[in-house]
Engineer: 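Dropping the structure in here first, questions after.
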Amino acid sequence: MAEQKLTMSIWFQEDNGDIEKVVEYYQAIFKEHWKSGPVIPLGITPSGKASMCQVNVMGKDCSLLCTSEQHHELNDAVSLVIHCAHQEEIDRYWNYFTQEGKEAPCGWCQDRYGLRWQIIPADLGKLLQRENGYQIMMGQKKIIIDQY
């Protein structure tokens, strides 16, 4: 992995710094769009027991770090956007992430680790150009395409 010049790194907190649990959680939703490298145990760090893993999700390399103690909380300053082809795809990602996470307005949600996601239609720009498109989106949590 790491063929990209720029790689995103995400720091998670999980009991015992167990990156395997993080990898299993995301692998369950991304299925064939997910490849993971070997788990690299890092031992005890200032944030507790730690491990890391390089992954590729939807063709993008990413480094995942996990510690047993929370170092910094994830927040809305960084989110991952999934451009969905149809409502069924929106529903699949939205339902998975919010099952143990939280809903937020305008297609935003967070998963059980607090990572923020924007689950939006690939043609959201066109939907927003329709009459009252912006107001419709502002009234939604999960985007429902048929409401535009």
Engineer: Could you grab the distance from atom CZ of Arg112 to atom CD of Gln99, nearest 0.5 Å is fine?
Structural biologist: 9.5 Å
Engineer: Atom NZ of Lys49 and atom CD of Glu14: how far apart are they, to the nearest 0.5 Å?
Structural biologist: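 Between atom NZ of Lys49 and atom CD of Glu14 there are 11.5 Å.
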Engineer: Do Met8 and Lys60 have side chains that approach each other closer than 4.5 Å (heavy atoms only, starting at C-beta)?
Structural biologist: no
Engineer: Would you say the side-chain atoms of Gln147 and Gln140 include a donor-acceptor pair closer than 3.5 Å?
Structural biologist: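 Checked: Gln147/Gln140 side chains pair up, N/O donor to acceptor below 3.5 Å.
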Engineer: Just verifying a value: how many Å separate Glu24 CD and Ile29 CD1, rounded to the nearest 0.5 Å?
Structural biologist: 15.0 Å
Engineer: Are Val81 and Met137 grouped together when hydrophobic residues (ILVMFWY) are joined by side-chain heavy atoms under 4.5 angstrom apart?
Structural biologist: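 Yes, Val81 and Met137 fall within the same hydrophobic cluster.
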Engineer: Quick check on the hydrophobic clustering: are Ile19 and Leu74 connected, directly or via other members, by side-chain heavy-atom contacts under 4.5 Å?
Structural biologist: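 Same hydrophobic cluster.
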Engineer: Find out whether Ile82 and Phe30 are in side-chain contact, i.e. whether some heavy atom of one side chain is under 4.5 Å from a heavy atom of the other.
Structural biologist: yes
Engineer: Less than 4.5 Å apart, side chain to side chain, heavy atoms only: is that true for Ser51 and Asp18?
Structural biologist: no
Engineer: Give me the atom names and distance for the closest heavy-atom approach of Ser36 to Val55.
Structural biologist: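 Taking Ser36 first and Val55 second, the nearest heavy atoms are CB-CG1, 3.8 Å.
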Engineer: For Thr45, what residues pass the side-chain hydrogen bond (donor to acceptor under 3.5 Å, both in side chains) criterion, not counting sequence neighbours?
Structural biologist: none
Engineer: Looking at residues at least two apart in the chain, or sitting in another chain, which of them share a ring-ring contact (aromatic ring centres under 6.0 Å, His included) with His71?
Structural biologist: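 Checked His71 against ring-ring contact (aromatic ring centres under 6.0 Å, His included); matches are Trp11.
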Engineer: Does a side-chain heavy-atom distance below 4.5 Å link Lys21 with Phe12?
Structural biologist: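 No, too far: nothing below the 4.5 Å cut-off.
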Engineer: Kindly work out whether a path of hydrophobic side-chain contacts (I/L/V/M/F/W/Y, heavy atoms less than 4.5 Å apart) joins Val78 to Ile10.
Structural biologist: no
Engineer: Closest approach of Glu69 and Gln13, non-hydrogen atoms and distance?
Structural biologist: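 Heavy atoms of Glu69 and Gln13 come nearest at C-CG, 3.6 Å.
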Engineer: Atom CG in Leu128, atom CD in Gln135: separation rounded to 0.5 Å?
Structural biologist: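 Output value for this atom pair is 9.5 Å.
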Engineer: Is a side-chain donor or acceptor of Asn56 paired with a backbone partner of Gly59 at a separation under 3.5 angstrom?
Structural biologist: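 Yes; judged by distance alone, with no hydrogens or angles, the pair exists.
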Engineer: Would a 4.5 Å heavy-atom cut-off, applied to side chains only, mark Gln118 and Leu80 as touching?
Structural biologist: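 Of all side-chain heavy-atom pairs linking Leu80 with Gln118, none is under 4.5 Å.
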Engineer: State, with a plain yes or no, whether a side-chain heavy atom of Ile119 is found less than 4.5 Å away from one of Cys84.
Structural biologist: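 Touching, per the 4.5 Å side-chain cut-off.
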Engineer: Could you list all the salt bridge (charged side-chain N to carboxylate O under 4.0 Å, His left out) pairs where at least one residue sits in residues 133-148, not counting sequence neighbours?
Structural biologist: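 Counting only pairs at least two positions apart or across chains, the salt bridge (charged side-chain N to carboxylate O under 4.0 Å, His left out) contacts touching residues 133-148 are Asp91-Lys142.
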Engineer: Roughly how far apart are Ile44 CD1 and Ser68 OG, rounded to 0.5 Å?
Structural biologist: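 It is 6.5 Å, given to the nearest 0.5 Å.
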Engineer: What distance separates Asp15 CG from Cys66 SG, expressed to the nearest 0.5 Å?
Structural biologist: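 Asp15 atom CG to Cys66 atom SG measures 9.0 Å (nearest 0.5 Å).
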Engineer: If you draw a 6.0 Å radius around CD in Glu73, do more than 12 non-hydrogen atoms from other residues or ligands fall strictly inside?
Structural biologist: no
Engineer: If a pair satisfies salt bridge (charged side-chain N to carboxylate O under 4.0 Å, His left out) and one of its residues is in residues 116-125, list it, with sequence neighbours excluded.
Structural biologist: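 For residues 116-125: Asp76-Arg116.
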Engineer: Would Ser63 and Gln54 count as a side chain to side chain donor-acceptor pair (under 3.5 Å) here? Give the steps.
Structural biologist: CA-CA 5 Å; Ser63 177; Gln54 301 297 316; 3.1 Å; yes
Engineer: With hydrophobic residues grouped by side-chain heavy-atom distances under 4.5 Å, do Tyr96 and Ile90 end up in a single group?
Structural biologist: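 Yes, Tyr96 and Ile90 fall within the same hydrophobic cluster.
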Engineer: Can a donor-acceptor pair be found, under 3.5 Å and without considering hydrogens, that links the side chain of Gln87 to the backbone of Ile143?
Structural biologist: yes
Engineer: Check ring-ring contact (aromatic ring centres under 6.0 Å, His included) between Tyr148 and all other residues, then give those that pass, not counting sequence neighbours.
Structural biologist: none
Engineer: Are Asp61 and Leu6 close enough that some pair of their side-chain heavy atoms sits under 4.5 Å apart?
Structural biologist: no
Engineer: Does the side chain of Leu64 reach to within under 4.5 Å of the side chain of Met52, using non-hydrogen atoms?
Structural biologist: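 No; the side chains remain at least 4.5 Å from each other.
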Engineer: Let me check something: do Met138 and Ile144 share a hydrophobic cluster, defined by ILVMFWY side-chain heavy atoms less than 4.5 Å apart, either directly or through other members?
Structural biologist: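 Cluster IDs for Met138 and Ile144 differ.
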Engineer: Which residues pass the side chain to side chain contact (heavy atoms under 4.5 Å, CB included) test with Asp111, not counting sequence neighbours?
Structural biologist: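 With sequence neighbours excluded, Asp111 shows a side chain to side chain contact (heavy atoms under 4.5 Å, CB included) to Tyr25, Tyr26, Phe97, Tyr113, Leu115, Trp117, given in chain and number order.
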